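Treat the numbers as computed from the prediction; the structure is a model and nothing was measured.
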Amino acid sequence: MEIPKQYDPKESEQNHYERWESQGCFAPEVNRDENAPVFSIAIPPPNVTGSLHMGHALQHTMMDVLTRYKRMCGYRTLWMPGMDHAGISTQLMVSRDLKKEGLTRHDLGREKFIERVWKWKAESGGQITKQMRREGVSVDWSREKFTMDEDLSRAVRETFVLLYEQGMIYRGNRIVNWCPNDQTVLSDLEVQKDPQPGKLYYLRYPLKDGSGTVTVATTRPETMLGDTAVAVNPNDERFRDLVGAALSLPLTGREIPIIADEFVDVEFGTGAVKITPAHDPNDYEMGVRHSLPQIVVIDTHAKMTDDAGAEFAGLDRYKARALVIEKFEELGLLEKVDDYEFSISKCERCRTVIEPLISMQWFLRMDTLRVLGLELLEGFKKPRFVPEVPYEKVYANWLENLRDWTISRQLWWGHQIPAWYTAEGEVIVARSAEEARAKAGTDELTQDPDVLDTWFSSALWPFSTLGWPDETVDLKTFYPTSVLVTARDIIFLWVSRMVMMGMHFIGNRPFDDVFVTGTILDKHGQRMSKTKMNGVDPLEVFDKFGVDATRLTLASVGASDTRWNEKQVESYRNFANKIWNAARFCLMNAEGATVEPSWHAHPASAERLNAGVDEHGQDARAASLHDRWIDSRLNKTARDVRQALAEYQFHEAVQTLYHFFWDDFCDWYIELTKSEVTAEEPSPERDAARGRLLSVLEQALRLLHPFMPYITEDLWQRLPGVGSEFHHPAYREAAPTIMLAAYPEGEASLINEDIEWEMQALIDLISRVRNIRSEMNIKPGEPVRIMIGAPDEKLRAVFSANTNQIQRLVRASEVTISAKLEAPKASARAVLVGGAEVAVPLEGLIDFEAERNRLGKEKEKLQAEATKLEAQLANPQFAERAPAEKVEGIRARLADIAQRTMQLDQTIENLR
RNA sequence: GCCCGCUUGGCUCAGUGGUAGAGCACUCGCUUCACACGCGAGGGGUCAUAAGUUCGAAUCUUAUAGCGGGCACCA
């Protein structure tokens with residue numbers, strides 16, 4: 001069999017995904033066990049306009065690891081894919097295309113425009129789904145959803161109608177965040193505060209009676225044209241006598257009162273605040289409290305209205321600002337202008353400065369909904385946030401302070417609000433136009449032109465995708481989902497809303513756990529963003545290092561933020577290559593052997609392997625130390641990986657697998673089994689060793705598969721003897737694939753600490769001798785004799801059973817083992833565990849002084865440790881209060897050090 | 001302003017109340033019949049600073065500094 005020396009990720013990435021998908025391996029129906037436990041994930045639907053970025057790749061990797069792992073464990077597994085219609089983004093993107101043709105959406109009209117958007121979606125939308133296939137995600141594409149699909153739209157209308165009927169949705173004239181560029185209202189969460197240097201203007205308002213002026217401070221002088229009061233704190237001595245007095249508002253000739261309100265901060269500015277109820281959220285509230293009139297002076301295009309006065313009408317808000325200041329200066333009413341840094345609200349999408357406006361919009365009342373979320377959290381600890389700190393607190397805190405949600409948007413692309421108006425202005429909310437006409441008793445209806453906030457439909461995602469409002473099998477089976485994997489920036493925008501909607505409509509949480517991933521930063525620690533152009537394209541990383549290596553890198557990010565480090569991907573690329581070459585070795589020596597499906601699950605295997613050391617080497621088939629050792633290590637690895645994944649410790653799982661495969665399997669097991677496996681002549685022993693090697697590899701590939709789907713499948717398919725009988729029992733009928741193989745159990749009975757201790761003694765021996773070779777500058781090809789002294793009988797047995805291996809791994813010509821070491825004076829020595837010693841006779845090669853120094857250094861190290869331990873032991877309170885096992889451990893360690901030190905002393909003395 | 005997180009070898013990061021870990025980088029030696037994307041052997045950190053709790057703290061508490069993030073109605 002020809003296998004190249006270097007792993008080519010592209011080839012295996014091309015060869016398996018299509019087969020997995022077309023054979024239905026991703027669909028839960030592949031599982032034929034009716035009683036199988038269920039695992040489900042709803043993907044955070046990417047925007048239809050989007051393309052794959054690191055954040056997606058990160059989340060998708062984690063979700064895929066979990067999904068593939070659970071599937072291999074026999075769960076009925078559904079990872080639901082889909083996309084979000086992304087109202088504003090998509091509308092803007094299509095509008096931009098139109099602009100190139102010199103058109104606006106208004107030229108086309110609503111219907112044609114929407115047709116155009118659908119056309120765009122069919123042609124170039126959803127690029128990301130192709131890119132996701134490259135990632136290897138095991139989502140069930142046969143169930144793919146889009147938030148604007150008819151069934152999901154129906155769910156949206158249903159929820160809207162129900163919420164309206166329940167009095168939770170209302171329409172009202174409120175102050176809202178308005179984007180003058182996008183020409184739509186935005187929710188609080190779509191607005192970003194940007195700190196900016198600006199000016200604080202101090203304006204004088206004359207008292208009507210001419211007895212003086214009151215100075216107010218403002219960052220937005222143009223809004224003074226809409227002022228309807230000046231407010232002071234009722235406890236402010238300075239203004240006590242002025243409350244109730246009238247001011248003459250400059251430039252307008254209007255008369256406005258001075259009112260008292262607790263809200264006013266005595267410390268800030270002058271202590272007197274101008275109140276513009278129509279153009280500031282706080283002023284709006286205060287206006288409502290004091291029944292102040294609302295004068296609209298800025299329109300939806302951020303231009304001044306006629307009510308701003310003839311001089312200002314039609315001016316842009318910033319031009320108006322300059323003019324207001326100019327006028328105040330002329331009138332001698334501009335007291336001063338200070339430099340001032342403050343936060344300005346901007347549209348998250350287009351960065352235009354938000355204009356607070358009073359506008360008729362639809363709102364969703366949050367008072368009862370947020371209580372549902374809080375009760376679920378406080379009463380049932382659901383969802384469980386991982387990591388719990390800080391997200392649970394942040395989430396709870398946000399729910400506590402939640403305000404009503406502005407759900408209408410002045411867009412065309414989205415779910416049009418299912419509300420109709422009669423000629424008389426009566427509001428009819430219905431599931432369809434027919435229902436509305438029936439309810440209204442007339443055909444003369446106009447539907448509300450607005451659409452719903454994109455996040456409204458996203459909030460329904462975990463159940464709308466499963467068929468709600470119908471009571472489908474999918475809904476019953478897969479809701480609540482098992483876990484939500486997401487970035488922290490949409491905890492409020494999305495996570496909390498899914499919880500509230502899920503509780504309200506299904507009466508149950510949408511997911512058990514929320515795993516919040518870290519963020520991948522650029523190498524300077526900055527967030528990756530389009531505007532900064534500092535993003536790393538995952539597809540380029542795939543091309544350069546392979547998908548599997550990238551996935552390992554991403555899985556290692558876990559829950560904390562990490563700077564992008566290409567070196568790390570490179571090292572995992574090397575790991576993939578290591579796997580490739582280990583398998584290459586196994587396959588090059590596979591003749592006469594096959595993988596045994598029952599190898600690890602065989603009822604007798606544990607018994608057989610733990611039958612005890614066969615000191616006579618009678619059972620050549622399975623009694624070797626390294627065979628039983630790799631078994632123990634493999635099962636411990638499986639156990640640890642399972643545990644790590646249960647706690648979403650992806651990094652831990654990757655580390656465990658990496659070190660098992662590279663250190664245990666490649667560096668030791670393959671090396672120790674090589675002499676058996678590479679024997680020239682066929683023999684039952686050789687073929688048995690080959691079979692064991694292949695079986696360990698096969699198990700290791702299964703362990704790695706959730707993280708590295710491509711290379712593991714590629715290699716697994718090449719193993720002699722693999723088939724559907726390797727599958728988890730739930731998948732026996734499916735065509736052979738590693739993705740349906742049973743995930744190794746991590747059987748406790750196969751984890752054997754005695755065996756691991758024995759193997760560790762062997763590893764130590766080999767390492768110490770190699771160290772001597774290296775330190776003594778013995779040429780790699782030069783054979784040495786080694787002499788081992790071991791008073792412990794068990795250790796002697798371990799070493800004698802492995803003399804061949806020792807010879808091979810340290811290039812020894814001869815290995816002698818005795819209870820007491822009697823080596824020539826001219827030897828380099830090392831002290832081992834259990835009072836054992838090793839000596840390498842080096843006639844003529846050894847510099848006695850250098851060797852004494854080398855041993856002296858080792859002794860110093862031991863002494864330093866002993867000093868610390870003794871001090872600890874000498875403390876009477878330590879012996880008294882520390883747990884007995886700790887004290888015992890330290891005593892034992894000290895005894896060991898004492899023995900080694902004594903042996904070192906003797907050795908050093910002998911070298912004189 | 002309030003809240004939170006981070007600060008561990010040159011770099012990127014794990015970790016933990018009881019003898020400091022990995023990968024990369026570095027040093028030395030190797031084309032040893034799976035792999036130079038490799039093999040073997042090494043060097044390197046008083047775990048930001050200070051005080052406290054404890055028999056014992058890098059790990060818990062508090063304060064400080066630097067960095068990062070979230071929230072907030074300061075005109």
Side-chain angles (χ1 to χ4, degrees), chain A residues 3 5-7 193 200 216-220 223 231 263-265 267-276 280-286 340 342-343 387 389-391 393-394 397-398 401 488-489 491-492 519 521 523 525-527 545 549 556-558 560-568 570-589 649 651-652 654-655 658-659 666-667 670-671 674 678 766-767 770-775 777-781 808-811 864-866 868-869 871-872 875-883 886-887 889-890 893:
Chain A
I3 304 173
K5 278 176 138 185
Q6 219 172 63
Y7 171 54
K193 300 280 172 109
L200 190 57
V216 296
T218 180
T219 54
R220 302 195 55 196
T223 62
F263 170 78
V264 179
D265 180 355
E267 304 290 321
F268 190 88
T270 60
V273 192
K274 59 187 273 317
I275 303 300
T276 322
D280 181 280
N282 300 317
D283 293 4
Y284 174 84
E285 298 288 335
M286 203 180 296
Y340 181 62
F342 64 105
S343 286
V389 177
Y391 301 115
K393 200 173 157 186
V394 169
N397 204 0
W398 188 74
N401 300 310
R488 73 170 84 85
D489 50 0
I491 290 178
F492 305 146
T519 308
L521 308 169
K523 62 183 172 186
Q526 300 289 309
R527 288 184 77 104
F545 298 106
S556 298
V557 169
S560 53
D561 293 358
T562 306
R563 297 178 190 209
W564 178 252
N565 181 1
E566 200 176 271
K567 281 283 180 193
Q568 205 189 347
E570 197 179 320
S571 84
Y572 285 126
R573 188 269 319 262
N574 296 352
F575 179 55
N577 196 53
K578 187 74 179 176
I579 296 170
W580 182 259
N581 277 289
R584 181 166 176 262
F585 172 79
C586 298
L587 291 169
M588 281 165 69
N589 296 287
Q649 301 283 336
H651 179 270
E652 180 74 20
V654 170
Q655 289 303 305
Y658 183 95
H659 290 294
C666 292
D667 288 352
I670 289 183
E671 293 305 326
K674 237 176 201 172
T678 59
I766 292 166
S767 303
R770 283 172 170 172
N771 174 252
I772 288 171
R773 292 191 64 114
S774 180
E775 300 257 314
N777 289 317
I778 297 168
K779 289 203 178 69
R808 186 189 166 89
L809 293 181
V810 302
R811 294 242 165 177
E865 194 187 335
K868 263 200 225 164
L869 296 176
Q872 211 173 335
N875 185 339
Q877 284 170 312
F878 172 68
E880 219 173 278
R881 303 193 192 186
K886 292 286 178 204
V887 181
I890 288 181
R893 178 70 185 143

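Across every strand in view, B:rG23 sits in a pair with B:rC11 that passes the Watson-Crick or G-U test at under 3.5 angstrom. Across the strands present, B:rC2 finds its partner in B:rG70; the criterion is a Watson-Crick or G-U wobble pair with both atom distances under 3.5 angstrom. Judged by Watson-Crick or G-U wobble contacts below 3.5 Å, the nucleotide B:rG29 has B:rC39 as its partner. Across all strands shown, B:rA63 forms a Watson-Crick or G-U wobble pair, both distances under 3.5 Å, with B:rU49.
The distance from atom CD of A:Glu880 to atom P of B:rU54 is 14 Å, rounded to the nearest whole Å. Atom NZ of A:Lys868 and atom P of B:rU46 are 12 Å apart (whole Å). Counting to the nearest Å, the C1' atom of B:rG43 and the CG atom of A:Asn771 are 13 Å from each other. The distance from atom CD of A:Glu775 to atom P of B:rG40 is 16 Å, rounded to the nearest whole Å. Atom-to-atom, CD of A:Gln526 to P of B:rC67 comes out at 12 Å; the value is rounded to the nearest Å. We find that OH of A:Tyr572 is positioned 11 Å from C1' of B:rU12, with the value rounded to whole Å. Rounded to whole Å, the distance from CG on A:Asp561 to C1' on B:rG68 is 8 Å. The distance from atom CZ of A:Arg770 to atom C1' of B:rA41 is 9 Å, rounded to the nearest whole Å.
Using a 4.0 Å heavy-atom criterion, one finds that A:Pro883 contacts the bases of the nucleic acid, with or without backbone contacts as well. Residue contacts for A:Arg893: at a heavy-atom cut-off of 4.0 Å it reaches a base atom on one of the strands shown. A:Glu267 comes within 4.0 angstrom of no nucleic acid atom, judged by non-hydrogen atoms across all strands. Using a 4.0 Å heavy-atom distance criterion, A:Pro390 is classed as a sugar-phosphate-only contact. The residue A:Asp265 sits close to a base: some heavy atom pair falls under 4.0 Å.
Residue A:Tyr391 places no side-chain N or O under 4.0 Å from the OP1 or OP2 atom of B:rG5. Of the side-chain N and O atoms in A:Lys393, one or more sit less than 4.0 angstrom from OP1 or OP2 of B:rC4.
In this structure, A:Phe545 has its ring center at least 6.0 angstrom away from the ring center of A:Tyr572.
Looking only at distances, no side-chain donor or acceptor of A:Asn777 sits under 3.5 Å from a matching main-chain atom of A:Arg773. Panel note: side chain A:Ser571, backbone A:Gln568; a donor-acceptor pair is recorded below 3.5 Å. Looking at A:Arg527, its side chain never comes within 3.5 Å of a backbone N or O of A:Leu521 through a donor-acceptor pair. Proximity of a side-chain donor or acceptor of A:Asn577 to a complementary backbone N or O of A:Gln6 within less than 3.5 Å is not detected. Within the 3.5 Å criterion, the main-chain N or O of A:Leu869 finds no donor-acceptor partner in the side chain of A:Arg893. Between the side chain of A:Thr218 and the main chain of A:Arg220, a donor-acceptor pair closer than 3.5 Å is present.
Cation-pi contact between A:Lys674 and A:Phe585: present, with separation from the ring centre below 6.0 Å and deviation from the ring axis of at most 45°.
Look at the C1' atom in both B:rG44 and B:rC26: the space between them is 9 Å, to the nearest Å. Across the C1' atoms, B:rC30 and B:rG18 are found 41 Å apart, a figure rounded to whole Å. Spacing between B:rG21 and B:rG42 at atom P, rounded to whole Å, works out to 14 Å. Distance noted for atom C1' between B:rG38 and B:rC33: 14 Å (whole Å). For the P atoms, the distance from B:rC28 to B:rU64 is 48 Å, rounded to whole Å. B:rC39 and B:rC47 have their C1' atoms separated by 32 Å, given to the nearest Å. For the P atom pair drawn from B:rA63 and B:rC3, the interatomic distance equals 10 Å after rounding to whole Å. With both ends at atom P, the span from B:rU7 to B:rU12 equals 13 Å, rounded to whole Å.
Place A:Arg220 and A:Ile766 on RNA chain B by their nearest nucleotides, and A:Ile766 ends up nearer the 5' end. Mapped onto RNA chain B by nearest heavy atom, A:Glu865 and A:Glu652 fall at different nucleotides, with A:Glu652 at the one closer to the 5' end.
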Under 4.0 Å protein heavy-atom contact, by nucleotide of nucleotides 22-37 of chain B - B base, S sugar-phosphate only: SSS-----S-S-BB-B
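A salt bridge links A:Asp561 to A:Arg488: one of the charged nitrogens lies within less than 4.0 Å of a carboxylate oxygen.
Among B:rA75, B:rA72, B:rG5, the nucleotide with an atom closest to any side-chain atom of A:Val389 is B:rG5. Proximity note for A:Val394 (side chain, C-beta onward) versus B:rG70, B:rC13, B:rA72: the nearest is B:rG70. Listed nucleotides B:rG70, B:rU19, B:rC13 differ in distance to A:Arg563; the shortest reach to its side chain belongs to B:rC13.
Remark: A:Asn581 CG to A:Met588 CE distance equals 9.5 Å, nearest 0.5 Å.
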